[in-house]
Amino acid sequence: MAQQRHSAIFDELAVMTASQINQPNLAQLTRRLQASLLPSQLSLQALSLDEVSAHQSRYCQDLLQALYQTPLADASVLVAITNEARPRLLLTRRAGHLNAHAGEVSFAGGKYEPIDGNNVVTALREACEETALPTSQVHIIGQLPTQTSKSGMSVRPIVALIPPSLTLVPELGEISRIFWADFESLIQQPVQEYAIDYKVKGEVMTLLTPCWQVEGETVWGLTGRIIASLLEIGFDRQIEWYYRAQA
């Protein structure tokens, strides 16, 4: 049975295709993400200008429909990248007083609510609530495979482009900081090993795991795995993601 659409936000969504993007890495990422959503369709990159004009609207509608038909996840996050010559990836640090993932680096996002109707609206609604990112300024380019959080929730990353000049404001009840990763650098930046104390069955053990250092913040865990997935799909970068007990 088809899911019911509950939110009018979805009908107002804008999609951007690779043929509309000048930045080479963003265009490549977009092309690969959309090929996974519409594997049987001819890429707009292969069409003439006249053919692009004729196919663009239907192609975007098909992309939204493919996103709409994706099974619901427990939560969704927005992987937002600025559409500019030197793109930046939007990251946040969660407030220190929260019960879950306090002080950790995250993407803007949160739990699905029935009024959302689909994963894309969940990601956009939560991003707007947490950072004041206007939905009207977001152009969806695709999605990444679901990840499972350490609490067992399924999380769907939605990838989008946003203008570089937006003024974002953290909702201090949930977010203590908004910051940016240089996307071009992140594609090649080596991961480091991060030691984190973790409680297992009442005992504290030290786990080692990959991370990135970005603007003085340690990016690891679910957020790190989502970035690794983005780099693998978009740029063929293979990153072994592990959690290993320190000897």
Side-chain angles (χ1 to χ4, degrees), residues 9-10 13-16 25-26 28-38 63-64 66-83 87-94 100-101 104-113 116-131 133 135 138-162 168 174-175 178-181 183 186-187 191 210-212 214 217 219-239 241:
I9 294 175
F10 191 85
L13 290 181
V15 171
M16 188 167 284
N25 280 329
L26 293 183
Q28 175 175 307
L29 174 63
T30 300
R31 187 161 51 249
R32 292 188 176 188
L33 289 173
Q34 293 177 0
S36 68
L37 282 167
L38 300 176
L63 281 169
L64 286 177
L67 289 166
Y68 171 63
Q69 292 175 339
T70 299
L72 293 174
D74 298 321
S76 294
V77 297
L78 188 67
V79 182
I81 308 168
T82 56
N83 188 12
R88 294 166 293 139
L89 176 68
L90 174 64
L91 294 167
T92 69
R93 184 175 68 224
R94 290 172 61 80
H101 308 287
E104 294 181 9
V105 173
S106 66
F107 290 107
K111 291 182 180 179
Y112 169 82
E113 294 183 1
D116 297 335
N118 57 76
N119 301 314
V120 180
V121 172
T122 300
L124 293 178
R125 174 182 55 76
E126 287 283 346
C128 180
E129 292 175 3
E130 293 179 354
T131 69
L133 174 62
T135 300
V138 178
H139 287 81
I140 306 298
I141 61 172
Q143 64 183 9
L144 297 171
T146 56
Q147 299 283 344
T148 303
S149 72
K150 61 185 177 183
S151 63
M153 293 178 57
S154 61
V155 179
R156 172 67 74 176
I158 302 299
V159 189
L161 301 184
I162 60 175
L168 303 182
E174 297 186 61
I175 299 299
I178 294 172
F179 64 104
W180 303 88
F183 189 67
L186 196 62
I187 295 172
V191 293
C211 76
W212 282 275
V214 178
E217 303 281 359
V219 184
W220 66 288
L222 177 66
T223 304
R225 283 190 281 124
I226 290 173
I227 292 175
S229 174
L230 181 76
L231 298 182
E232 179 178 358
I233 291 172
F235 308 103
D236 300 318
R237 184 176 177 190
Q238 301 286 332
I239 299 173
W241 206 264

message = Return the CD1 to CG distance between I81 and L89, rounded to the nearest 0.5 Å.
response = 6.0 Å
note = Across all chains, not counting sequence neighbours, the side-chain hydrogen bond (donor to acceptor under 3.5 Å, both in side chains) partners of Q34 are Y59
inquiry  = Nearest 0.5 angstrom please: L64 CG to L37 CG, how far?
reply    = 10.0 Å
query = Can you tell me how far CD of Q28 sits from CG of D236, rounded to the nearest 0.5 angstrom?
reply = 7.0 Å
note = Here the gap from W241 atom CH2 to E232 atom CD, rounded to the nearest 0.5 Å, amounts to 12.5 Å
task = Please answer whether the main-chain N or O of A73 pairs with a side-chain N or O of N119 as donor and acceptor at a distance below 3.5 Å.
result = yes
query = Could you give the distance from CG (L13) to CG (L124), rounded to the nearest 0.5 Å?
reply = 6.0 Å
inquiry  = Using side-chain heavy atoms (C-beta onward) and a distance below 4.5 Å, is Q143 in contact with T70?
reply    = yes
inquiry  = As an exercise, state the distance from CD1 of I175 to CZ of R93, rounded to the nearest 0.5 Å.
reply    = 10.0 Å
note = Between V214 and V219 the two heavy atoms that sit nearest each other are CG2-CG2, 4.0 Å
message = A side-chain contact here means heavy atoms from C-beta on lying under 4.5 Å apart; do L90 and W180 qualify?
response = yes
request  = Output yes when a side-chain donor or acceptor of R237 lies under 3.5 Å from a complementary backbone atom of I187, and no otherwise.
outcome  = yes
ask   = Do L26 and N83 come within less than 4.5 Å of each other through their side chains, counting heavy atoms only?
value = yes
message = Under a 3.5 Å cutoff, is there a donor and acceptor pairing between the side chains of T92 and E130?
response = no
request  = Without swapping roles, check the side chain of R32 against the backbone of I233 for a donor-acceptor pair under 3.5 Å.
outcome  = yes
task = Specify the closest pair of heavy atoms between S106 and T223, including all atoms of both residues, with the distance to one decimal.
result = CA-OG1, 3.2 Å
query = Is a side-chain N or O of T82 found less than 3.5 angstrom from the main chain of R88, in a donor-acceptor match?
reply = yes
task = Give the minimum heavy-atom separation between P157 and P145, together with the two atoms involved.
result = CD-O, 3.4 Å
message = Counting C-beta onward and ignoring hydrogens, is there a side-chain heavy-atom pair between L33 and L144 closer than 4.5 Å?
response = yes
request  = Check whether any side-chain heavy atom of V105 lies under 4.5 Å from a side-chain heavy atom of W212, and answer yes or no.
outcome  = no
ask   = How close do I226 and F107 get, heavy atom to heavy atom, and via which atoms?
value = CG2-CE1, 3.5 Å
message = Do R156 and T122 have side chains that approach each other closer than 4.5 Å (heavy atoms only, starting at C-beta)?
response = no
ask   = Are side-chain heavy atoms of F235 and L29 found at a separation under 4.5 Å?
value = yes
message = For a quick test of reading the model, state the closest non-hydrogen atom pair linking G152 to D74 and the distance between them.
response = O-OD2, 4.3 Å
ask   = Does R225 use its side chain to pair, donor to acceptor, with the backbone of T148 at less than 3.5 Å?
value = yes
key: For K111 against R125, the heavy-atom pair lying closest together   = O-NH2, 3.0 Å
ask   = Given side chains that start at C-beta, do those of S151 and M153 come closer than 4.5 Å, heavy atoms only?
value = yes
